[in-house]
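Just below is one structure, and these are the notes that go with it.
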Protein chains: 2
Amino acid sequence: MGFRFVKNNFVRLYNAVWIAKSNKMQLTQYTDFSLRVLIYLSQKKPGELATISEIAGFYGISRNHLVKVVHNLATYGFIQTTRGKNGGMCLARPAAEIGIGEVVRHTEPNLDIAECFNKENNSCVISPVCALKSILDDARNSFMQTLDRYTIANALSQQHGLSKKINIEFLR
Amino acid sequence: MGFRFVKNNFVRLYNAVWIAKSNKMQLTQYTDFSLRVLIYLSQKKPGELATISEIAGFYGISRNHLVKVVHNLATYGFIQTTRGKNGGMCLARPAAEIGIGEVVRHTEPNLDIAECFNKENNSCVISPVCALKSILDDARNSFMQTLDRYTIANALSQQHGLSKKINIEFLR
DNA sequence: TTATAAAATGCATTTTGTATACATCAATAG
DNA sequence: CTATTGATGTATACAAAATGCATTTTATAA
């Protein structure tokens with residue numbers, strides 16, 4: 001489902017050795033859906049609106065979940081929404097001006113925080129001398145900086161004439 | 001607790017807007033504990049063993065959980081364990097030769113997989129033309145490559161004489 | 001002005017994975 | 001043989017994501 005790292009057959013035993021599929025260090029479906037909505041909208045003609053039901057139907061995903069995703073995207077100014085009959089949504093900016101990292105930052109909240117010593121909760125006795133916080137900070141920054149090099153416009157492969165094919169599907 | 005990004009006061013509404021603390025895109029306690037065990041062991045004198053109870057007591061964490069962590073670390077050759085009376089564990093290699101990335105790869109299984117089109121589960125209609133998979137691959141590789149630049153020996157700050165202080169605490 | 005269609009909002013429920021507890025088994029020292 | 005320590009497997013608790021449902025608000029068309 002989508003591009004996520006999630007839901008594969010890799011099984012690890014967690015008790016004893018590794019048991020089940022982990023879902024940490026992965027983006028949420030929330031982010032997945034957010035990006036896919038933006039990709040969908042990027043294929044619309046200028047001025048044309050898409051509805052939540054239309055997008056949910058296209059991808060075959062939960063309409064209810066998408067409602068929240070769309071609202072969030074609107075709140076942070078990635079899309080513009082119009083209520084009422086013939087309403088819908090469209091990109092608030094050109095796809096080439098919407099950074100993947102920017103979107104992820106608004107859908108994966110804890111990315112910005114590497115909290116080693118939470119004032120209340122810190123119970124790690126070595127935190128005063130522990131450098132892991134900065135090491136992980138460093139790694140997470142690398143992750144986000146890489147995402148920042150891409151935009152929604154980069155998210156569809158332009159090779160092999162497939163973008164034309166997808167247009168047809170999208171706007172059928 | 002520890003260095004993790006987890007458990008902070010950042011609250012987002014998830015329904016409607018954002019509700020609760022997300023815990024995605026974060027390392028598990030499993031990894032947290034794994035690294036902390038290795039850090040602890042790196043402060044032991046050569047030949048000296050530590051027990052699970054000792055480490056659990058030192059950090060004030062669940063002994064039961066630590067049992068699995070230790071077993072996993074032994075399975076992948078990071079530590080050597082000895083059962084029975086006067087048993088315990090020690091590092092299998094010098095701390096400077098144990099990479100953070102290497103450890104994380106053995107405790108966060110799904111890091112290696114950016115599965116966009118799972119043979120059975122793929123339901124994303126645009127996956128044939130979707131470039132998000134490679135974009136996320138790229139970002140995740142940046143993350144891991146950064147971790148690969150550090151070892152367990154780098155995980156304790158050597159500044160301000162704190163490493164001496166921690167030694168005392170550790171080996172008291 | 002009324003009917004309709006769309007997003008906005010809030011709450012409830014289900015699902016899933018992590019964390020934890022608990023109960024034994026296996027091995028080693030003395 | 002017995003005590004101690006890791007190894008192993010099962011069961012339970014909890015938190016967060018995902019999903020579903022109901023209602024409200026807003027805008028447009030007829």
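Proteins get letters first, then strands, A, B, ... in listed order; numbering begins at 1 in each. Every value quoted in this text rests on a predicted model; they were computed, and no experiment measured them.
- Between the CG atom of B:L49 and the C1' atom of C:dA29 there is a distance of 13 Å, given to the nearest Å.
- Atom CD in A:E48 sits roughly 14 Å away from atom P in C:dA6 (whole-Å rounding).
- One N or O on the side chain of B:Y59 and one on the backbone of B:R36 form a donor-acceptor pair closer than 3.5 Å.
- A straight line from CD1 of A:I55 to P of C:dA6 spans 12 Å, rounded to a whole angstrom.
- The shortest distance between side-chain heavy atoms of A:L132 and B:I39 falls below 4.5 Å.
- When the C1' atom of D:dA18 is taken as reference, atom CZ of A:F33 falls 8 Å away, rounded to whole Å.
- Side chain of A:S62, nearest nucleotide from C:dA6, D:dT8, D:dG20: D:dG20.
- Listed by chain and number, the residues in a side chain to side chain donor-acceptor pair (under 3.5 Å) with A:T151 are A:N154 (sequence neighbours excluded).
- For D:dG9, its base sits under 3.5 Å from the side chain of B:K68 at one donor and acceptor pair at least.
- The CD1 atom of A:I52 sits 16 Å away from the P atom of C:dA5 (whole-angstrom rounding).
- Nearest nucleotide to the side chain of A:H65, out of C:dA7, D:dA18, D:dA7: D:dA18.
- Within the 4.5 Å cutoff, side-chain heavy atoms of A:K68 are placed close to those of A:Y30.
- Residue pairs meeting the side chain to side chain donor-acceptor pair (under 3.5 Å) criterion with at least one member in residues 91-103 of chain A, sequence neighbours excluded: A:R93-A:E102.
- Scanning both residues, B:S34 and B:T107, for their nearest heavy atoms gives OG-CG2, 3.4 Å.
- Between the CG atom of B:N72 and the C1' atom of C:dT18 there is a distance of 15 Å, rounded to whole Å.
- The side chain of A:H71 approaches C:dA8 more closely than any other nucleotide in the set D:dA18, C:dA8, C:dA7.
- For the pair A:V37/A:M89, a side-chain contact is recorded, criterion being any heavy-atom separation below 4.5 Å from C-beta on.
- If you take CD1 of A:I61 and P of D:dG20, they are 11 Å apart, rounded to a whole angstrom.
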For this session: Scan nucleotides 22-30 of chain D nucleotide by nucleotide, 5' to 3', and note B when protein non-hydrogen atoms come under 4.0 Å of the base, S if they reach only the sugar-phosphate, - if neither.
Result: ---BBBBS-

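- Of the two residues near DNA chain C, B:R63 and A:T51, the one whose nearest nucleotide lies more 5' is A:T51.
- In this structure, CD of A:Q80 is placed 14 Å from P of C:dA7, rounded to the nearest angstrom.
- If you check D:dT8, D:dA18, C:dA19 against the side chain of A:Q29, the one that comes closest is D:dA18.
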